[in-house]
Enquirer: 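Sharing a structure, written as structure tokens. Questions coming.
Every heavy atom of this structure was used, including side-chain atoms; hydrogens, water molecules and symmetry mates were not.
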Amino acid sequence: MTLSPIAAKLDLGAELAEELSIEEVFSFTVAGHTISIDEGTVVSWAIIVVMTILALILTRNLKVEGEISRRQAILELIYEKGEDFFKNLMTPKTYDFIPWLMSMTLFIGISNMIGIFAPTFFGAFHFKNEAVNEIFSALGTLKPPTKSMQVTAAMAITSIVIVEYANIRDKGLFGRIKAYTKPIWIITPINLLELITKPLSLCMRLFGNVLAAFTIMELIKIVTKNTIIPMVFSMYFDLFDGGLQAYIFVFLTSLYLAEATEEDEEEVPKKKKDKKGRLKKQKVNN
């Protein structure tokens with residue numbers, strides 16, 4: 001009688017560890033170094049391919065003039081709402097990054113929610129060939145790629161690279177280097193730490209929240225033996241929390257872009273002074 005709780009605890013831990021594990025799909029060797037590709041990376045590729053195909057299908061035969069279809073009207077409405085949202089957070093100098101931010105929002109949102117939609121979609125297919133059925137059965141157990149730190153780290157690094165690019169494009173390479181010494185040169189090492197802390201915070205926030213939600217959902221499924229109860233909790237942990245984490249990621253990235261291209265308080269008076277000086281000089285010359 002005393003062993004049953006221990007056995008149940010071990011079974012629960014083993015099942016949870018199996019669900020949280022990230023398995024290797026395939027590997028290859030380059031110059032003596034083995035490169036392994038895990039399921040998080042493969043699922044990310046699959047999501048990108050599906051998003052690309054859907055984008056090509058949905059954007060076919062769009063019109064610039066004349067009467068537009070209902071599909072185009074809905075797409076334009078969604079894009080305008082997203083564009084207005086990001087424009088309220090960013091500066092005009094970074095508006096050209098809005099399409100990338102929208103794409104990142106969709107990718108993260110789908111990645112976070114794929115665990116709830118994959119069983120419903122792939123479970124509807126049944127074939128006579130057992131090998132094909134096994135493939136679709138495996139696809140039905142897809143795990144969110146954002147619970148892999150490699151995926152979240154790659155997205156965070158990409159975001160910071162774009163932020164630094166926007167900063168250098170706006171202020172120039174020398175101006176960006178000079179910004180590390182402000183407001184006083186002695187805090188330069190602290191300013192340099194932002195290159196590490198910003199992507200690290202983006203990566204760990206997304207990874208930690210998605211992993212925590214996934215762990216809670218798996219515990220609920222194991223304890224309740226996949227009854228209707230997990231469906232109720234899934235509305236929050238998979239749908240609401242998944243969308244919320246996508247929103248937070250792009251929200252912070254857009255703020256970083258706005259911060260990177262905003263004018264320094266010291267430079268604004270100088271520009272005004274120079275402008276007045278040029279106008280005065282033109283009047284004298286005239």
Enquirer: Search all heavy atoms of M51 against all heavy atoms of S103 and return the closest pair with its distance.
Expert: CE-O, 3.9 Å
Enquirer: To the closest 0.5 Å, what do you measure between CE (M90) and CD1 (I98)?
Expert: 5.0 Å
Enquirer: The test is side chain to side chain contact (heavy atoms under 4.5 Å, CB included); show your working for R205 and F249 and say whether it passes.
Expert: CA-CA 8 Å; R205 182 182 289 105; F249 189 95; over 6 Å; no
Enquirer: Please name the residue in the list T59, L62, I57 that meets the side-chain contact (heavy atoms from CB on, under 4.5 Å) test with R71.
Expert: L62
Enquirer: Honestly curious: do I187 and I177 fall in one hydrophobic cluster under the side-chain, below-4.5 Å linking rule?
Expert: no
Enquirer: Would a hydrophobic clustering, with Ile, Leu, Val, Met, Phe, Trp and Tyr connected at side-chain separations under 4.5 Å, put I157 with F97?
Expert: no
Enquirer: Out of I53, L54, I48, which one pairs with V50 under the side-chain contact (heavy atoms from CB on, under 4.5 Å) rule?
Expert: L54
Enquirer: When rounded to the nearest 0.5 angstrom, what distance separates CH2 in W100 from OG1 in T105?
Expert: 9.0 Å
Enquirer: So, Y247 versus F85, ring centres under 6.0 angstrom or not?
Expert: yes
Enquirer: Tell me which pairs pass side chain to side chain donor-acceptor pair (under 3.5 Å) where either residue lies in residues 74-85, with sequence neighbours left out.
Expert: Q72-E76
Enquirer: First locate atom CG of L244, then atom CD1 of I108, and finally report the distance between them rounded to the nearest 0.5 Å.
Expert: 12.0 Å
Enquirer: Is there a chain of hydrophobic side chains (I, L, V, M, F, W, Y, each step under 4.5 Å between heavy atoms) that links M104 to Y95?
Expert: yes
Enquirer: For the atom pair CG (N167) and CD1 (I162), what is the distance rounded to the nearest 0.5 Å?
Expert: 13.5 Å
Enquirer: Is there a chain of hydrophobic side chains (I, L, V, M, F, W, Y, each step under 4.5 Å between heavy atoms) that links I78 to L58?
Expert: no
Enquirer: Quick one: pull up CG in L200 and OG1 in T152 and give me the separation to the nearest 0.5 Å.
Expert: 10.0 Å
Enquirer: Work out which heavy atom in P145 is nearest to a heavy atom in I47; give both atom names and the distance.
Expert: CG-CD1, 4.0 Å
Enquirer: Among residues at least two apart in sequence or on other chains, which ones pass salt bridge (Lys or Arg N to Asp or Glu O under 4.0 Å) with R169?
Expert: D96
Enquirer: Any idea which heavy atoms bring L101 and V250 closest together, and the distance?
Expert: O-CG1, 3.7 Å
Enquirer: Please indicate whether K87 has more than 12 foreign heavy atoms, meaning atoms of other residues, nucleotides or ligands, lying under 6.0 Å from its NZ.
Expert: yes
Enquirer: Of the options T91, T94, D170, which is the one that meets T261 in a side chain to side chain donor-acceptor pair (under 3.5 Å)?
Expert: T91
Enquirer: Between E164 and K198, does any NZ, NE, NH1 or NH2 come within less than 4.0 Å of an OD or OE carboxylate oxygen?
Expert: no
Enquirer: Is it the case that the side chain of K171 and the backbone of A260 share a donor-acceptor pair, with hydrogens and angles ignored and the cut-off at 3.5 Å?
Expert: yes
Enquirer: Using a distance-only test with no angle check, is there a side-chain donor-acceptor pair under 3.5 angstrom linking T146 and S111?
Expert: no
Enquirer: Under the side chain to side chain contact (heavy atoms under 4.5 Å, CB included) criterion, do I186 and T181 qualify, and how do the steps go?
Expert: CA-CA 7 Å; I186 200 170; T181 63; over 6 Å; no
Enquirer: Test side chain to side chain contact (heavy atoms under 4.5 Å, CB included) on V43 and V151; report intermediate values, then the result.
Expert: CA-CA 10 Å; V43 175; V151 176; over 6 Å; no
Enquirer: Kindly work out whether a path of hydrophobic side-chain contacts (I/L/V/M/F/W/Y, heavy atoms less than 4.5 Å apart) joins L193 to Y256.
Expert: no
Enquirer: How long is the span from the CD atom in Q150 to the OG atom in S44, to the nearest 0.5 Å?
Expert: 10.0 Å
Enquirer: Please walk me through it: do I74 and R70 pass side chain to side chain contact (heavy atoms under 4.5 Å, CB included)?
Expert: CA-CA 6 Å; I74 295 173; R70 183 179 299 179; 4.0 Å; yes
Enquirer: Less than 4.5 Å apart, side chain to side chain, heavy atoms only: is that true for L206 and N112?
Expert: yes
